[in-house]
J.: 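What follows is a structure written as structure tokens; I'll ask about it next.
Start at 1 with the first residue, then count along the sequence. Computed over heavy atoms, backbone and side chain alike; hydrogens, waters and symmetry mates excluded.
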Amino acid sequence: MADYETPVLEQEQSISLLDVMMRRLKRRFDLSSRAIDALNDLSFKIRNFAPNQYILREGEMATQCSYVAAGFVYRHKVLGNGARQIVAIHMTGDFIDLQHIMLDRADHNIQSLTTATLVQFPAQQLLRLCYEFDDIGRALWLETLIEAAIFREWVANVGRRDARARTAHLLCELATRREAAGLGPRGNYELPMSQEQIGDALGLTSVHVNRTLKLLESEGLIARTKRAVVVADWEGLRRAGDFDAHYLHLRDMPD
């Protein structure tokens, strides 16, 4: 059942958005036909967000669980001194807040990075389905486990790699995840982040990010045109970033 908000989409568009989510879950886990029917019967609303618009603020009560139907979203913490740490980047095909099935108050901010379209489900309805259908519960649990694996890699990246490796690793991850989501080949893509935002994700200043990107260019690993990134040497970039895609737990993806 759809509870539409602006913009109002045609029914066919709404169904196609749910199909994308269903295909992702079925790739992760073998869902029964009854579980698929129950997910399709969930009420939902479709919302568009402008770039940098807040989806959820730290401390707010969370009643929805969201799925990214289009665009990019990021999650971040703001420290007492005003500094921001971006802790996750989400793109088309990602769930962004499954923890709010169980945690009712946000402990971080969620904000759109680009224009983004979200499909939002009532958290309590999703929780009820997790109890009623074991396969739904396991599929969503698997989603959160993979998200935790990505968090661990980000901690290692910021904590133990130098600026060149951090930057190369982020470029490799985004390229790989975009390709897996069907958003285009890893060799050429638009990077939807400013240098300040990249710095906030990597624990670097924007000046340091700019210098590091120029270094990767001078080494022949990437080329840039505005925000477009061309991976000129995938193996070289992967080695520079110490990147191993296994933590993403993607099926049928080349290294």
Side-chain angles (χ1 to χ4, degrees), residues 49 51-58 66 68 71-97 99 106-116 118 144 146-181 183 186 189-217 221-222 224 226-231 237-238 240-245 247-250:
F49 293 86
N52 298 313
Q53 184 176 349
Y54 275 90
I55 298 165
L56 189 65
R57 292 179 184 269
E58 183 172 355
S66 302
V68 184
F72 289 80
V73 170
Y74 67 106
R75 297 157 69 176
H76 64 91
K77 295 280 291 185
V78 177
L79 307 183
N81 62 4
R84 178 180 66 177
Q85 180 66 47
I86 293 177
V87 297
I89 303 293
H90 295 285
M91 60 187 68
T92 302
D94 288 350
F95 289 94
I96 59 173
D97 54 359
Q99 72 273 5
D107 56 25
H108 62 285
N109 302 290
I110 305 177
Q111 206 168 348
S112 55
L113 186 59
T114 64
T115 298
L118 302 187
T144 63
I146 293 172
E147 188 174 280
I150 297 173
F151 279 151
R152 287 191 290 273
E153 190 68 25
W154 276 48
V155 171
N157 199 40
V158 172
R160 290 299 178 183
R161 294 187 178 108
D162 61 22
R164 174 176 174 270
R166 287 182 211 180
T167 306
H169 191 279
L170 179 64
L171 294 177
C172 286
E173 179 185 304
L174 292 177
T176 302
R177 289 172 59 197
R178 288 180 83 265
E179 187 174 59
L183 299 179
R186 69 175 66 170
Y189 65 95
E190 182 177 347
L191 184 64
M193 302 172 71
S194 67
Q195 291 184 5
E196 179 184 359
Q197 290 166 335
I198 295 171
D200 286 348
L202 299 178
L204 303 170
T205 66
S206 56
V207 172
H208 204 166
V209 169
N210 184 52
R211 187 163 58 240
T212 304
L213 289 172
K214 287 181 178 178
L215 174 62
L216 295 174
E217 273 192 289
L221 302 180
I222 65 170
R224 291 183 298 157
K226 295 184 178 178
R227 289 193 180 184
V229 175
V230 176
V231 180
L237 188 66
R238 189 173 65 83
D242 185 31
F243 179 75
D244 182 337
Y247 72 95
L248 297 172
H249 297 277
L250 299 170

J.: Apply ring pair (Phe, Tyr, Trp, His ring centres under 6.0 Å) to Phe95 and list each qualifying residue two or more places apart in sequence or on a separate chain.
T.: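 Counting only residues at least two positions away or on another chain, Phe95 forms a ring pair (Phe, Tyr, Trp, His ring centres under 6.0 Å) with Tyr67.
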J.: Do you know which of Arg160, Arg166, Arg161 makes salt bridge (charged side-chain N to carboxylate O under 4.0 Å, His left out) with Glu153?
T.: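 Of all the options given, the one that passes is Arg161.
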J.: Check the pair Leu216 / Arg164 against side chain to side chain contact (heavy atoms under 4.5 Å, CB included), numbers first and verdict last.
T.: CA-CA 8 Å; Leu216 295 174; Arg164 174 176 174 270; 4.0 Å; yes
J.: Would you say the side-chain atoms of Thr114 pair up with the backbone N or O of Phe72, donor to acceptor, closer than 3.5 Å?
T.: yes
J.: So that I can tick it off, tell me whether Asp244 and Arg238 are bridged by a salt bridge, with the cut-off set at under 4.0 angstrom between side-chain N and carboxylate O.
T.: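 Salt bridge flag = no for Asp244 with Arg238.
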J.: Give a yes or no on whether a salt bridge exists between Glu173 and Arg178, defined as a side-chain N under 4.0 angstrom from a carboxylate O.
T.: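 Salt bridge absent between Glu173 and Arg178.
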J.: Checking the side chain of Asn109 only, and the main-chain atoms of Arg57 only, is there a donor and an acceptor separated by less than 3.5 Å?
T.: no
J.: Restricting to pairs with a member in residues 202-213, which pass side chain to side chain donor-acceptor pair (under 3.5 Å), not counting sequence neighbours?
T.: Gln195-Asn210
J.: So among Gln85, His108, Gln111, which one has a side-chain hydrogen bond (donor to acceptor under 3.5 Å, both in side chains) with Arg75?
T.: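 Of Gln85, His108, Gln111, side-chain hydrogen bond (donor to acceptor under 3.5 Å, both in side chains) with Arg75 is met by His108 alone.
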J.: Considering non-hydrogen atoms only, spot the tightest contact between Pro192 and Leu113 and give its length.
T.: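 Closest heavy-atom pair between Pro192 and Leu113: O-CG, 3.3 Å.
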J.: Checking Asp94 side chain against Ile96 main chain: does a donor-acceptor pair fall under 3.5 Å?
T.: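 No.
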J.: Should Leu170 and Trp154 be marked as a side chain to side chain contact (heavy atoms under 4.5 Å, CB included) after you check the CA-CA gap, both sets of side-chain angles, and the distance that decides it?
T.: CA-CA 9 Å; Leu170 179 64; Trp154 276 48; 4.0 Å; yes
J.: Check Tyr247 against Ile150 and note the closest heavy-atom contact, atom names and distance.
T.: CD1-CA, 4.0 Å
